[in-house]
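The sequence lines fix the lettering, A, B, ..., with proteins before strands; numbering per chain opens at 1.
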There are 2 protein chains.
Amino acid sequence: MKTLKISEAVVRRLPVYLRHLIELKQREVLTVSSQDLGQKLDLNPAQIRKDLAYFGDFGRKGIGYDVSYLIQQIRHILKLDQIINVGLVGAGKLGHALCNYTVYLKDNMKIVAVFDAMESKIGTDINNLKVQPMSEMITTVRNQHIRIGIITVPAAEAQYVAEQFVEAGVEAILNFAPVILKVPSHVRVHTADFTTDLFSLAYYLTDQGKEVPVQ
Amino acid sequence: MKTLKISEAVVRRLPVYLRHLIELKQREVLTVSSQDLGQKLDLNPAQIRKDLAYFGDFGRKGIGYDVSYLIQQIRHILKLDQIINVGLVGAGKLGHALCNYTVYLKDNMKIVAVFDAMESKIGTDINNLKVQPMSEMITTVRNQHIRIGIITVPAAEAQYVAEQFVEAGVEAILNFAPVILKVPSHVRVHTADFTTDLFSLAYYLTDQGKEVPVQ
DNA sequence: CAATTACTGTTATTAGCATAACAGATGTTC
DNA sequence: GAACATCTGTTATGCTAATAACAGTAATTG
């Protein structure tokens with residue numbers, strides 16, 4: 001285990017490896033080479049080897065990587081062998097979708113509390129969790145040892161929610177609102193905004209002028 | 001307008017600029033400097049100037065950028081001044097959320113059709129759109145001139161849906177399923193998977209061992 | 001058991017992107 | 001209207017990340 005500074009690009013590929021390895025394990029594949037992985041994941045084999053080598057010598061020359069062992073190692077690197085509690089603010093459709101989705105996963109990461117500012121939503125059930133008012137957020141985050149916060153509120157409220165999360169002591173935030181959040185540097189933020197994704201995809205469309213048949 | 005190859009990193013920042021500029025316009029700010037923008041968006045001012053300069057001389061020395069003019073220009077670059085119809089497959093919670101969300105935007109990009117494979121979902125209403133069966137997908141995509149496809153189905157079905165989209169003639173795909181899609185090179189794919197986001201955030205958490213108070 | 005093949009881990013090279021530096025232009029102030 | 005401040009567009013520099021190359025090791029085959 002080296003102590004080099006690992007780039008974010010590397011870290012973001014690890015979950016991709018993990019996902020595919022789990023699939024391989026389900027298909028009872030025992031070992032896999034960087035070339036196989038590269039083909040399936042559209043990545044350069046050398047890059048995969050280098051990524052993994054940052055964290056240890058997981059492979060065997062002439063053979064490849066033991067699937068089960070590598071799964072175990074990546075889960076450890078990503079801290080998925082710890083219990084990681086997650087809190088979510090914003091019980092809208094997207095919030096609902098995320099609650100369902102992550103529960104589906106067989107990992108130690110779980111959404112354990114949901115909050116909303118709207119009176120009408122408080123007390124309603126999402127995936128066996130009762131939606132709590134914002135006033136309870138800080139104490140719940142502390143009591144339930146919530147370490148990651150997810151924000152699925154409208155843009156205008158996102159900064160306020162982020163500040164509450166920070167005050168409560170969350171270590172990282174996953175933000176779905178289309179704004180750049182300002183938080184202290186010890187809190188990691190990732191913004192996952194699909195309008196950005198959609199708009200940047202539009203750039204690559206072929207230019208066709210403005211007239212389009214509308215029925 | 002130069003014909004250099006624009007990097008994806010640049011393209012992905014354009015929607016971020018656009019969003020903030022629209023906010024500035026609503027607040028009746030007339031001009032803005034790269035420094036102001038950089039401060040608000042956590043970006044280097046030089047980078048912003050360079051990004052914009054790829055596409056033209058939009059700013060004025062000593063002054064900055066005219067907000068309205070720059071909005072217009074970026075919208076043009078991103079082709080948001082054209083009508084861009086979008087189709088979505090997967091009428092689950094996430095699909096619902098996306099339908100609501102994009103409709104909210106005042107842009108020419110709209111989800112105009114929703115499909116699902118499940119019998120029980122077909123015919124139901126999502127945001128004034130009737131969910132159609134997969135069998136109608138290809139003809140609808142062609143008739144309605146759908147150019148971007150969104151995939152919000154489970155991982156196992158995503159590749160099949162992608163192939164249908166490609167056959168129907170879609171130019172780009174936004175994929176929310178946690179798989180790497182294989183499509184011809186003329187179709188642009190962006191995968192927006194939040195398990196990847198969440199898992200890579202976990203990497204940055206402080207190591208705390210495995211014991212965690214669970215109520 | 002030598003020769004061959006199939007792999008990794010690591011070092012070297014290339015390419016791409018972000019930052020810095022600066023020249024040129026605009027407005028403002030005294 | 002000269003001196004100064006502001007801010008862009010562009011060129012130069014530095015750095016980070018991706019790719020390629022290769023040495024070393026394990027299994028396999030004749």
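A salt bridge between B:Arg19 and B:Glu23 is absent, with no side-chain N of the basic residue lying under 4.0 Å from a carboxylate O of the acidic one.
For the pair A:Asp66 CG and C:dA6 P, the interatomic distance rounds to 21 Å; values are reported in whole Å. Atom pair B:Arg49:CZ and C:dC22:P shows a separation of 14 Å (rounding to whole Å applied). Rounding to whole angstrom units, CG of residue B:Asp51 and C1' of D:dT10 are separated by 14 Å. Rounded to a whole Å, the CG atom of B:Leu43 is 15 Å from the P atom of C:dC17. Whole-Å rounding puts the A:Asn44 CG to C:dT14 P distance at 16 Å. Note: CD (B:Glu8) to C1' (C:dC17) measures 13 Å, nearest angstrom. In this structure, B:Leu41 atom CG and C:dA18 atom C1' are separated by 16 Å, rounded to whole Å. In this structure, the NZ atom of A:Lys61 is 19 Å from the C1' atom of D:dT28, given to the nearest Å.
Looking at B:Gln35 and B:Arg49, their side chains never bring a donor and an acceptor atom within 3.5 Å of each other. Counted by atom type alone, A:Gln82 and A:Arg147 present one or more donor-acceptor pairs between their side chains at under 3.5 Å. Between the side chains of A:Ser200 and B:Arg13, no donor-acceptor pair of N or O atoms lies under 3.5 Å. B:His145 and B:Asn85 share no donor-acceptor pair across their side chains, judged by distance under 3.5 Å alone.
Out of D:dA17, C:dT8, D:dT10, the shortest distance to the side chain of A:Ser34 is found at C:dT8. Closest approach to the B:Ala53 side chain among D:dG9, C:dA18, C:dG9 is made by D:dG9 (side chain taken as heavy atoms from C-beta onward). Side chain of B:Ile63, nearest nucleotide from C:dT26, D:dG9, C:dT10: C:dT26. Minimum atom distance to the side chain of B:Gln47 is reached by C:dT19, of the listed D:dG9, C:dT19, D:dC7.
Phosphate contact (OP1/OP2 of C:dG27, side-chain N/O of B:Arg60, threshold under 4.0 Å): present. OP1 or OP2 of D:dA17 lies within a sub-4.0 Å distance of a side-chain N or O belonging to A:Ser7. Remark: A:Tyr65 is in phosphate contact with C:dG9, judged by side-chain N or O atoms under 4.0 Å from OP1 or OP2.
Residues B:Gln35 and A:Ala9 each lie close to DNA chain D; by heavy-atom proximity, the contact nearer the 5' end of the strand is made by B:Gln35.
Looking at heavy-atom distances under 4.0 Å, A:Ala46 makes contact with a base.
If you check distances only, the side chain of A:Lys50 does reach the base of D:dT19 with a donor-acceptor pair under 3.5 Å.
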